[in-house]
Amino acid sequence: MITTHRFWLFTIGFTGACALAVMAAQQPQAPVYTAAQATAGRAAYATTCAGCHQPDLGGLNEAPQLAGGNFMSSWNTSTTADLVALITKTMPPGAPGTVDAATAASIVAYILEANGAPAGPQALTPAVTARIGAIGMQQAAGVPAAPGPQGGRGAAAGAAAATPRAARTGRTVAGEVPGYVPVTDEMLRTPPAGDWLMARRSYQAWSYSPLMQITRDNVRRLRLAWVWNMNEGGLGTTGGSQPMPLAHNGVLYLVHTGNVVQAINGRTGDLIWEYRAGPEQGGPMRDMAIYQDKVFIATSDARMVAIDARNGSRVWETRFADREKGFMTVSGPLVVKGKLIQGLAGCSRFTGDGCYITALDATTGRIEWQFNTIARPGEPGGDTWGTQPMTFRAGGETWITGSYDPDLNLTYWGTAQAKPWVPASRGMSALDKALYTSSTLALNPDTGKLVWHFQHAPGEALDLDEVFERVLVDVDGRKAVFTIGKPGILWKLDRQTGQFMGHKETVFQNIFDSIDPKTGTPTYRADIIGAKVGQPVTACPSTFGGHNWQAMSYHPGSALLVIPLNQSCLEIAGRGGELKAGASGPGAARGWFEMPGTNGQLGKLAAFDVRTMKEVWSYEQRASFLTSVLSTGGDLAFVGDLDRNFRAFDVRSGKILWQTRLGTSVQGFPISFTADGKQYIAVTTGLGGGSPRQVPSLLTPEIIYPLSGNSLYVFELAEN
């Protein structure tokens with residue numbers, strides 16, 4: 001029996017949780033750190049913290065800003081010792097406790113400098129209990145320029161958190177893919193059985209391979225063929241390492257954290273070529289695209305780079321969003337009729353630009369159209385943001401690659417919630433819908449025009465994204481689209497019209513009192529609707545999500561959706577703070593606890609019938625599932641978890657048929673492909689990843705895994 005506890009992460013929210021504090025008038029305090037210490041802290045911040053909190057300390061999503069008015073509001077009455085203790089105990093999210101006290105003190109010195117506190121002759125130690133509000137009194141509210149090399153501020157201040165060594169970019173390993181065959185539009189519509197040419201393999205986003213050499217009867221003979229070690233660096237990034245390789249004619253195209261792309265021989269594991277797009281401190285890269293003779297990577301700093309798939313040389317490069325405003329990407333593009341349709345992340349700052357989806361010409365890199373996911377005043381949906389001007393409308397990210405129906409000529413994308421997370425913190429009510437956040441969008445890929453939308457959580461109030469995969473399945477002659485977000489509700493919509501067709505609660509949820517059986521419109525509990533700043537509410541599931549970025553798979557032979565699920569709850573209280581142009585909004589204080597009735601089993605894998613929406617089978621365990629599901633023509637479902645297990649399940653019964661243990665947590669998107677006519681299974685291990693890593697580290701601390709080991713594992717059938 002697992003005892004249920006509440007685990008709170010207080011303070012600035014290095015992991016997105018912050019103590020609520022009130023600004024108070026205080027006398028300035030004498031300097032508590034040295035300039036040399038802040039310089040050392042700047043370098044440590046760059047390698048440990050900048051991936052989440054951004055090089056300019058401006059914050060992103062679960063990692064709030066560390067400089068400016070919101071930081072000072074949260075930390076005004078706390079001490080430097082509190083901040084040092086938080087870093088040493090909880091940072092970074094993928095490997096808490098790996099930052100020593102001296103390094104943490106240097107990082108705090110750098111944060112103090114960025115908030116206007118002057119340096120002095122005395123070094124900061126973990127034992128110093130200086131009140132932060134009395135030290136950093138000089139910095140104006142908002143996101144500051146980071147200190148320059150001598151602690152000053154100026155145009156070059158953005159280099160403060162740069163990597164400590166010169167970055168290598170361009171083609172760093174030369175080679176040639178033998179006999180390369182261009183990828184055509186027809187190949188994207190009907191992929192060769194042994195290829196994996198896009199995110200989740202097909203336009204329908206099934207995460208399914210029709211290959212059937214590996215079956216329920218022989219999967220026990222699966223063995224390791226080869227391993228390829230990848231870039232480390234997941235500890236200090238928001239998403240760590242979560243890649244999905246592409247496969248074409250026996251060659252794997254692999255993207256690493258830090259914007260590295262490699263071509264690898266799928267049979268032998270030999271490197272063919274490597275291209276480094278930079279910056280090296282970039283966050284997670286989940287997937288990329290291949291079309292004609294190019295592979296395409298959307299870099300973490302919002303550039304699209306076209307690379308020759310044959311030899312790894314750069315063909316063209318286009319910037320499609322301003323990194324200085326916080327915009328970034330964590331997933332790659334969808335290729336539709338010669339266009340690269342690309343989502344966007346990092347839309348939490350008050351820039352006035354709003355978030356958007358971009359289409360670029362695959363041949364030239366020219367931007368063809370953009371669709372704004374944040375409705376503007378005076379436009380359709382613009383009156384759903386209360387009285388907020390465009391400057392303070394944030395969120396609506398599209399950080400998971402969409403899907404496409406060639407027959408309807410519609411592309412489907414999910415959008416994230418409005419920012420800040422809690423309506424009271426954004427100066428709104430939960431009754432203000434905030435279009436087009438928390439929605440499914442159906443767009444015309446030729447023009448970018450909105451054809452229909454369905455909002456899953458109007459006025460979303462709990463940081464429960466609905467941004468994840470849209471899976472296209474024809475059910476009894478009707479074209480349906482399925483999706484599931486953090487509330488753990490599986491939605492079924494008509495993909496031609498957006499009409500609600502049904503829903504299924506896959507894990508326990510108590511955030512909605514009801515969901516209208518005709519329209520699908522949910523109604524929040526009254527206390528969630530009425531929650532004010534600083535007023536906590538409990539919610540199941542938590543921001544870990546009943547479902548997160550780990551994609552479900554549709555297995556056509558059984559008409560089952562196999563979905564990785566999570567079972568945890570939280571208490572959340574919105575923070576007060578300034579709404580200031582250029583800043584990120586205030587976050588929330590959050591505490592997590594185990595979901596009632598689960599006996600501490602955080603991980604759940606379950607299969608649902610697409611016709612009836614009924615659960616057919618489920619498997620629960622203590623460790624969280626951290627990969628998407630891969631199903632195959634051999635009636636298998638592969639999935640990996642936090643505790644290093646990679647397993648094959650019978651897709652029809654849920655029985656475990658094969659398992660192995662890998663070097664560290666199994667994390668990413670498994671695929672299947674052929675090389676020289678032989679079927680292989682590929683999966684990655686990795687670290688880092690926001691709530692899917694930090695919540696298990698709090699609720700299942702007994703699960704221990706190595707703090708390195710980003711790798712690609714490839715499996716084959718042993719001979720009889």
Side-chain angles (χ1 to χ4, degrees), residues 170-171 173-205 209-211 243-255 260-268 270-275 277 285 287-299 303-318 331-342 359-368 401-406 409 411 445-446 671-680 682:
R171 186 171 60 174
V173 175
E176 187 83 18
V177 173
Y180 181 83
V181 177
V183 175
T184 65
D185 291 279
E186 180 56 32
M187 291 166 69
L188 294 179
R189 287 188 62 153
T190 309
D195 280 4
W196 196 285
L197 299 178
M198 67 181 75
R200 303 181 298 275
R201 190 179 180 273
S202 66
Y203 277 144
Q204 294 73 31
S209 168
L211 297 174
M244 179 193 309
L246 299 180
H248 179 44
N249 280 354
V251 175
L252 295 180
Y253 295 91
L254 179 65
V255 62
V260 178
V261 180
Q262 295 174 330
I264 301 171
N265 184 308
R267 181 179 62 83
T268 66
D270 293 327
L271 180 67
I272 300 172
W273 58 253
E274 177 184 272
Y275 182 88
M285 287 288 103
D287 55 77
M288 50 186 180
I290 186 169
Y291 181 60
Q292 298 295 349
D293 58 354
K294 306 176 188 69
V295 291
F296 304 91
I297 176 177
T299 64
R303 291 172 291 126
M304 187 70 73
V305 182
I307 304 165
D308 192 310
R310 298 164 298 187
N311 57 36
S313 60
R314 192 186 74 167
V315 180
W316 56 256
E317 178 177 315
T318 299
S331 294
L334 178 72
V335 181
V336 176
K337 296 192 292 185
K339 291 184 178 65
L340 306 171
I341 304 177
Q342 177 62 47
L360 302 92
D361 185 281
T363 301
T364 66
R366 182 181 66 249
I367 293 177
E368 297 288 328
T401 304
S403 49
Y404 173 59
D405 184 331
N409 195 33
T411 182
D446 301 324
I671 72 165
S672 187
F673 67 97
T674 59
D676 294 337
K678 186 174 186 177
Q679 182 182 0
Y680 294 87

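Just so you know, these numbers come straight off a predicted model, no measurement behind them.
- Nearest approach of Gly332 to Gln342, heavy atoms of both residues: C-OE1, 3.1 Å.
- Between the OH atom in Tyr404 and the CZ atom in Arg189 there is a gap of 7.0 Å [rounded to 0.5 Å].
- The distance from the OH atom of Tyr680 to the CG atom of Leu211 is 12.0 Å, given to the nearest 0.5 Å.
- Annotation: the span from Arg201 atom CZ to Met244 atom CE amounts to 12.0 Å, rounded to 0.5 Å.
- Every residue meeting the side-chain contact (heavy atoms from CB on, under 4.5 Å) condition with Ala306, not counting sequence neighbours, appears here in chain and number order: Lys294, Phe296, Val315, Trp316.
- Listed by chain and residue number, Trp196, Leu252, Ile671, Phe673 satisfy the side-chain contact (heavy atoms from CB on, under 4.5 Å) test with Ala247 (two or more places apart in sequence, or in another chain).
- Between Leu246 and Met288, the shortest heavy-atom distance links the atoms CD1-O, 3.8 Å.
- Side-chain atoms of His248 do not come within 3.5 Å of backbone N or O of Tyr180 as any donor-acceptor pair.
- Scored by the side-chain contact (heavy atoms from CB on, under 4.5 Å) test, Pro178 finds no partners at all (sequence neighbours excluded).
- The CZ atom of Arg366 sits 10.0 Å away from the CG atom of Leu360 when rounded to the nearest 0.5 Å.
- Taking CG of Asp195 as the start and OG1 of Thr190 as the end, the distance is 12.5 Å to the nearest 0.5 Å.
- Ala174 is linked by a side-chain contact (heavy atoms from CB on, under 4.5 Å) to Arg171, counting only residues two or more places apart in sequence or in another chain.
- What you find for Trp273 and Ile307 is that their closest heavy atoms are CH2-CG2, 3.9 Å.
- Between the OG1 atom of Thr411 and the CD1 atom of Ile341 there is a distance of 4.5 Å, given to the nearest 0.5 Å.
- Taking the salt bridge (Lys or Arg N to Asp or Glu O under 4.0 Å) definition, one finds that Asp446 meets it with Lys337, sequence neighbours left out.
- Closest non-hydrogen pair, Ala263 versus Leu271, comes out as O-CD1, 3.5 Å.
- Between Pro445 and Lys339, the closest side-chain pair of non-hydrogen atoms is not below 4.5 Å.
- Using a distance-only test at 3.5 Å, with no hydrogens or angles considered, a donor-acceptor pair links the side chain of Thr318 to the main chain of Gly365.
- Asp185 is listed as a side-chain neighbour of Tyr291, based on a closest heavy-atom distance under 4.5 Å.
- For the pair Met187 and Pro182, the tightest heavy-atom approach, listed with the atom from each and the gap, is SD-O, 3.5 Å.
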Could you go step by step and tell me if Val260 and Met285 meet the side-chain contact (heavy atoms from CB on, under 4.5 Å) rule? CA-CA 9 Å; Val260 178; Met285 287 288 103; over 6 Å; no
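- Annotation: salt bridge (charged side-chain N to carboxylate O under 4.0 Å, His left out) contacts involving residues 303-317, sequence neighbours excluded, comprise Asp293-Arg310, Asp301-Arg303, Arg303-Glu317, Asp308-Arg310, Arg314-Glu317.
- Closest of all the heavy-atom pairs between Gly266 and Ala675 is C-CB, 4.2 Å.
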